[in-house]
Amino acid sequence: MALLTETMPVPTHIARPVICSYGLGVDSTAILLRWLVDPSSRDFPLDHLTVVVAHTGDEWANTGALATRYILPRLRAAGVRLVQVARKGPSLARDGVIVLDDSDAPRVLHSQGAYKLSDEMLAAGTVPQTGGTRMCSIHAKGEVLDALIAQLVQGRPYRHILGFEAGECTRARRDATYDTAQRTGEYPLIEWGWNRVDCNDWIFLLTGVSWPKSACSYCPFALTNQEGRQRTLTRFTEEPGPACLALRMEHTAIALNPRQGLVPNGRLIDMARTFPGMKTTLDRFRDETARAEHAVYRIRRVWPPRSSDPTQAGRAARSVELVATGTRAQMHHKLQADSDRDGKQIDTSDPDHHRLWAHRRTQAGPGYEEFFAVAPATAHHKVSRNFAGALAKLSQRNLF
């Protein structure tokens, strides 16, 4: 492994490099396979092509295995350069990007990454969000690839290949707004008129396998519809490790925020309990959770008045503190002792998470909540940058 600055740029004789973002999924796999076997599908020699992969560290194992078996040998045979990178630590600015492999004869897919996206989620005590911008993808892939590409092209114009299919013209148009005098986004599948079925058919023709969707095993976007839930839960029965990771992540997130399930308006754990074939996985999850070090967390959350309309809640700010750590039994004993001392009853309405409330939010607008809960000691002590200011603003308006 090496630091990003140690990666060699694309040779200077290549005036306009072709950089292909490879996400390991159906669309970008179809592009690579066609380029490798059908020279008429591309207008550049393969020595102008650099394939780049940003690993989140949490890709499904079978996706990585398929890419290793069917894509890497073809890249080796054609001498195509593959650069694999990942975040080195929690802060891209401070820790930078690490190069896991840079080779025109790649043999190993380093899908384990370095600093995993799940490390970030567990440390924050949260799960990826489906609302708004996909910040998880931006942090784990987009920003990492931007840094890599800048190192590769060294200010030269380049063609950036992305796997948007024929039904994703809106995404392509949005991506094209990021074009500059240096960067030109290109979308071969749209040019070929290929949709997801076409891509799957092409891959199957060349490999004989049905290529799975690429995603982190705990991706909430895969759980937004019935088809995705069925597919994900079926994969969980085949890969209990990723299943337990998703369940652990959700378990801690819900302890710190009852609204933080991985499933929109629901919880992955509830779906897993009723899905055929999940018993072994659920047993493993329960055993892992029972053995883990636990903590009593103090969670405070503030919804300050919105500047434009003080009757409406602004963006919430959160404070998470680890009050004590120990075994799960010890932490539940402490929670009960604190309840007895304060003369407050523990809230057991959620069978998976008992809470000792110090203050409940009583209105939909600006408000405040504070409670204590027990969960695995994976989340770090963290106070939002705007927490003190939001709390002061709430106090000034007597909105507790």
Side-chain angles (χ1 to χ4, degrees), residues 23-27 29 55-71 109-113 116-122 126-130 136-137 140 196-197 199-201 203-204 207-255 260-292 328 350-353 375-376 378:
L24 308 181
V26 173
D27 298 332
T29 295
H55 290 296
T56 67
D58 297 311
E59 179 63 63
W60 291 96
N62 67 335
T63 304
L66 289 173
T68 300
R69 181 175 179 181
Y70 294 104
I71 303 304
L109 193 72
H110 297 270
S111 53
Q112 77 281 356
K116 303 176 188 295
L117 179 57
S118 57
D119 294 335
E120 177 183 352
M121 295 291 109
L122 289 167
T126 189
V127 294
Q129 306 298 302
T130 55
C136 57
S137 181
R196 180 59 61 90
V197 173
C199 293
N200 274 313
D201 288 347
I203 294 171
F204 189 83
T207 67
V209 300
S210 297
W211 208 267
K213 287 177 68 70
S214 170
C216 291
S217 61
Y218 47 80
C219 179
F221 292 96
L223 300 167
T224 56
N225 58 57
Q226 188 60 40
E227 179 186 355
R229 295 170 189 173
Q230 181 76 22
R231 180 172 55 244
T232 300
L233 287 163
T234 299
R235 294 178 87 168
F236 278 160
T237 65
E238 301 163 352
E239 297 189 37
C244 289
L245 173 61
L247 291 169
R248 287 201 311 272
M249 185 183 297
E250 181 187 67
H251 181 78
T252 300
I254 290 174
Q260 281 285 329
L262 272 169
V263 181
N265 302 314
R267 299 180 180 183
L268 177 62
I269 184 65
D270 294 331
M271 294 176 52
R273 283 170 175 152
T274 60
F275 194 81
M278 285 291 289
K279 183 182 183 305
T280 301
T281 298
L282 288 170
D283 288 343
R284 174 174 166 176
F285 162 66
R286 281 190 290 266
D287 290 344
E288 290 178 356
T289 303
R291 292 195 303 268
R328 183 166 66 175
D350 182 341
D352 294 323
H353 302 281
T378 51

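- Checking side-chain atoms of Tyr218 against main-chain N and O of Ser118 turns up a donor-acceptor pair under 3.5 Å.
- A perpendicular orientation is assigned to the rings of Tyr70 and Trp211, their planes being inclined by more than 60° (bins at 30° and 60°).
- Heavy atoms only, all atoms of each residue included: Gly261 and Val127 are closest at O-CG2, 4.3 Å.
- Interatomic distance, Leu109 CG to Ile71 CD1, rounded to the nearest 0.5 Å: 10.0 Å.
- Of the candidates Ser214, Ser217, Ser111, Ser214 is the only one forming a side chain to side chain donor-acceptor pair (under 3.5 Å) with Glu59.
- Rounded to the nearest 0.5 angstrom, Ile254 CD1 and Met249 CE are separated by 12.5 Å.
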Test side-chain hydrogen bond (donor to acceptor under 3.5 Å, both in side chains) applied to Gln260 and Thr126, step by step: CA-CA 7 Å; Gln260 281 285 329; Thr126 189; 3.3 Å; yes
Worked verdict on Thr63 versus Arg235 for side-chain contact (heavy atoms from CB on, under 4.5 Å): CA-CA 11 Å; Thr63 304; Arg235 294 178 87 168; 3.1 Å; yes
Val263/Thr224 under side-chain contact (heavy atoms from CB on, under 4.5 Å): CA gap, chis, key distance, verdict: CA-CA 7 Å; Val263 181; Thr224 56; over 6 Å; no
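- Interatomic distance, Thr234 OG1 to Glu239 CD, rounded to the nearest 0.5 Å: 12.0 Å.
- Residue Leu245 holds its CG atom at 11.5 Å from CD of Glu250, rounded to the nearest 0.5 Å.
- Asp352 has a carboxylate O that lies under 4.0 Å from a charged side-chain N of Arg273, or vice versa, which qualifies the two as a salt bridge.
- Between Arg196 and Lys213, the closest side-chain pair of non-hydrogen atoms falls below 4.5 Å.
- Side chains of Leu24 and Leu66 form no contact here, defined as non-hydrogen atoms less than 4.5 Å apart.
- By the ring-ring contact (aromatic ring centres under 6.0 Å, His included) test, Phe236 pairs with Trp60, sequence neighbours left out.
- With a 4.5 Å cut-off on side-chain heavy atoms, His55 and Lys116 do not count as touching.
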From CA spacing to verdict: side-chain contact (heavy atoms from CB on, under 4.5 Å), Arg229, Phe275: CA-CA 10 Å; Arg229 295 170 189 173; Phe275 194 81; over 6 Å; no
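- Taking the side chain as every heavy atom from C-beta outward, Asn62 and Pro212 approach each other to under 4.5 Å.
- A search for salt bridge (Lys or Arg N to Asp or Glu O under 4.0 Å) contacts involving Asp350 returns Arg267, Arg355, not counting sequence neighbours.
- In this structure, the side chain of Glu227 does not engage the main chain of Asn225 through any donor-acceptor pair within 3.5 Å.
- One distance of note links CZ of Arg291 with OG1 of Thr289; it measures 9.0 Å at 0.5 Å rounding.
- Partners of Asp283 under the salt bridge (Lys or Arg N to Asp or Glu O under 4.0 Å) rule, at least two apart in sequence or in another chain, are Lys279, Arg286.
- To the nearest 0.5 Å, the span separating OG1 on Thr252 from CZ on Arg248 amounts to 9.0 Å.
- Taking 4.0 Å as the cut-off between side-chain N and carboxylate O, Arg284 and Glu288 count as a salt-bridged pair.
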Met278 and Thr281: CA distance, side-chain angles, deciding distance, side-chain contact (heavy atoms from CB on, under 4.5 Å) verdict: CA-CA 5 Å; Met278 285 291 289; Thr281 298; 4.0 Å; yes
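- Smallest separation of non-hydrogen atoms from Leu262 and Pro220: O-CB, 3.5 Å.
- Contact check for Ile269 versus Phe285: side-chain heavy atoms found under the 4.5 Å cut-off.
- Side-chain contact check for Pro376 versus His251: some heavy-atom pair is nearer than 4.5 Å.
- The main-chain N or O of Val26 is never found under 3.5 Å from a side-chain atom of Thr29 such that the two would form a donor-acceptor pair.
- Between Ala140 and Thr56, the closest heavy-atom pair is CB-CG2, 3.9 Å.
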